[in-house]
Amino acid sequence: QKASSAATSDYRNAMPSLLFVLSTAILCGVTAATTEVGQGHFRYATMYWRKTDDPMSNTVEIVIESAWRRSYSSEYFTEALENGETVLQINGAVTPTVSLGDGQQRYLDSVRVTAFSTAEDWILGEQVITHSYSTPNHRGAPWTVEFTGCCRIDGGINRQDGSWHLSSSIDLLLSLHSPRTVSLPAVFVTAGEAVG
């Protein structure tokens, strides 16, 4: 009886210390999570695809054109820009991923810089992903390619610091390419002025 009573007493005496350690760990975790907010560097992206010239294959080239905050700081991003390299590996809070619709995926690991502005704090780049599908479509429905990641640039009005999701449908029985959208990396509009 005395042994179990001593063990209960030791347990009760240890509880305040254990609670302090747990609450400190939780607080550190919340602090670490909140420091990521405001660190987004994704501006926008467009995605289009085209069938390759081989008429006997289901091979396509998927082109991701993307714009990013140039002042973003990461090991891959910053060193490449400082060294004047024209190919970057893009990363983020959630790694930018291209899901190809057939269980395979790719990453933005060789984005070729096509334009940049130091004054406006952006870079524009392009990565071409070549992929062969087993069939022209997915059992009568299009293959769905998705480009996702996090986080959008902060200070904007369109889901700042949020994730993004682009998708495109590929059915090689219906089309040999998709439409292509072109945009500027940064568009500045003066508030309160009429457009016209």
Side-chain angles (χ1 to χ4, degrees), residues 32-33 35-52 54 57-117 121-138 141-154 156 158-172 177-186:
T35 57
E36 294 298 320
V37 174
Q39 298 301 311
H41 62 292
F42 173 79
R43 287 186 175 270
Y44 83 93
T46 61
M47 177 171 51
Y48 65 95
W49 62 269
R50 59 188 171 243
K51 187 176 186 318
T52 60
D54 182 358
S57 78
N58 297 312
T59 303
V60 295
E61 291 179 333
I62 301 163
V63 182
I64 308 286
E65 294 176 322
S66 54
W68 307 87
R69 179 167 51 96
R70 190 173 190 277
S71 61
Y72 173 68
S73 177
S74 83
E75 180 181 339
Y76 307 114
F77 206 75
T78 306
E79 286 181 16
L81 289 175
E82 288 175 355
N83 293 330
E85 294 178 25
T86 57
V87 177
L88 302 175
Q89 179 175 342
I90 306 295
N91 57 5
V94 175
T95 302
T97 304
V98 180
S99 300
L100 299 166
D102 61 355
Q104 295 188 44
Q105 59 187 24
R106 302 285 189 278
Y107 303 99
L108 295 189
D109 55 4
S110 56
V111 175
R112 185 177 54 84
V113 175
T114 56
F116 71 92
S117 171
D121 195 22
W122 58 261
I123 62 164
L124 181 63
E126 173 183 283
Q127 180 164 336
V128 179
I129 297 168
T130 302
H131 183 67
S132 295
Y133 289 99
S134 58
T135 58
N137 60 33
H138 183 57
W143 295 105
T144 301
V145 179
E146 299 174 307
F147 175 46
T148 58
C150 186
C151 297
R152 291 175 179 264
I153 193 166
D154 58 328
N158 295 323
R159 294 180 37 104
Q160 66 180 356
D161 294 324
S163 59
W164 70 84
H165 179 263
L166 281 78
S167 65
S168 183
S169 299
I170 299 176
D171 189 332
L172 297 173
H177 61 85
S178 69
R180 180 180 179 192
T181 302
V182 179
S183 181
L184 298 171

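Tyr133 places no side-chain N or O within donor-acceptor distance of the main-chain N or O of Asp171, the cut-off being under 3.5 Å. Listed for the Thr114 side chain is a donor-acceptor partner under 3.5 Å among the backbone atoms of Leu124. Between the Asn137 side chain and the Pro142 main chain, no donor and acceptor come within less than 3.5 Å of each other. Counting only distance, with no hydrogens or angles, the side chain of Thr181 and the backbone of Thr46 share no donor-acceptor pair below 3.5 Å. Panel note: side chain Gln127, backbone Asp109; a donor-acceptor pair is recorded below 3.5 Å.
The CD1 atom of Ile170 sits 9.5 Å away from the CG atom of Asp102 when rounded to the nearest 0.5 Å. The OG atom of Ser178 sits 14.5 Å away from the NZ atom of Lys51 when rounded to the nearest 0.5 Å. Rounding to the nearest 0.5 Å gives a distance of 9.0 Å between CD of Gln89 and OG of Ser110. Within the model, atoms NE2 of His177 and CD of Glu61 stand 13.5 Å from one another, a figure rounded to the nearest 0.5 Å.
A heavy-atom distance below 4.5 Å is found between the side chains of Arg43 and Asp121. Here the side chains of Trp143 and Thr135 are in contact, with some heavy-atom distance below 4.5 Å.
Between Trp49 and Ser169 the shortest heavy-atom distance is NE1-O, 3.1 Å. Considering every non-hydrogen atom in both Val98 and Val145, the closest pair reads CG1-CG1, 3.8 Å. When all heavy atoms are compared, the tightest approach of Arg70 to Trp122 is CB-N, 3.7 Å. Of all the heavy atoms in Ser168 and Met47, the pair that sits closest is N-CE, 3.7 Å.
Applying the side chain to side chain contact (heavy atoms under 4.5 Å, CB included) test between Arg106 and each of Thr97, Ile129, Ile62 identifies Ile129 as the sole match.
A ring-centre distance under 6.0 Å is found for Phe42 and Trp68.
Considering only residues two or more places apart in sequence or on other chains, Phe147 meets the ring-ring contact (aromatic ring centres under 6.0 Å, His included) condition with Trp164.
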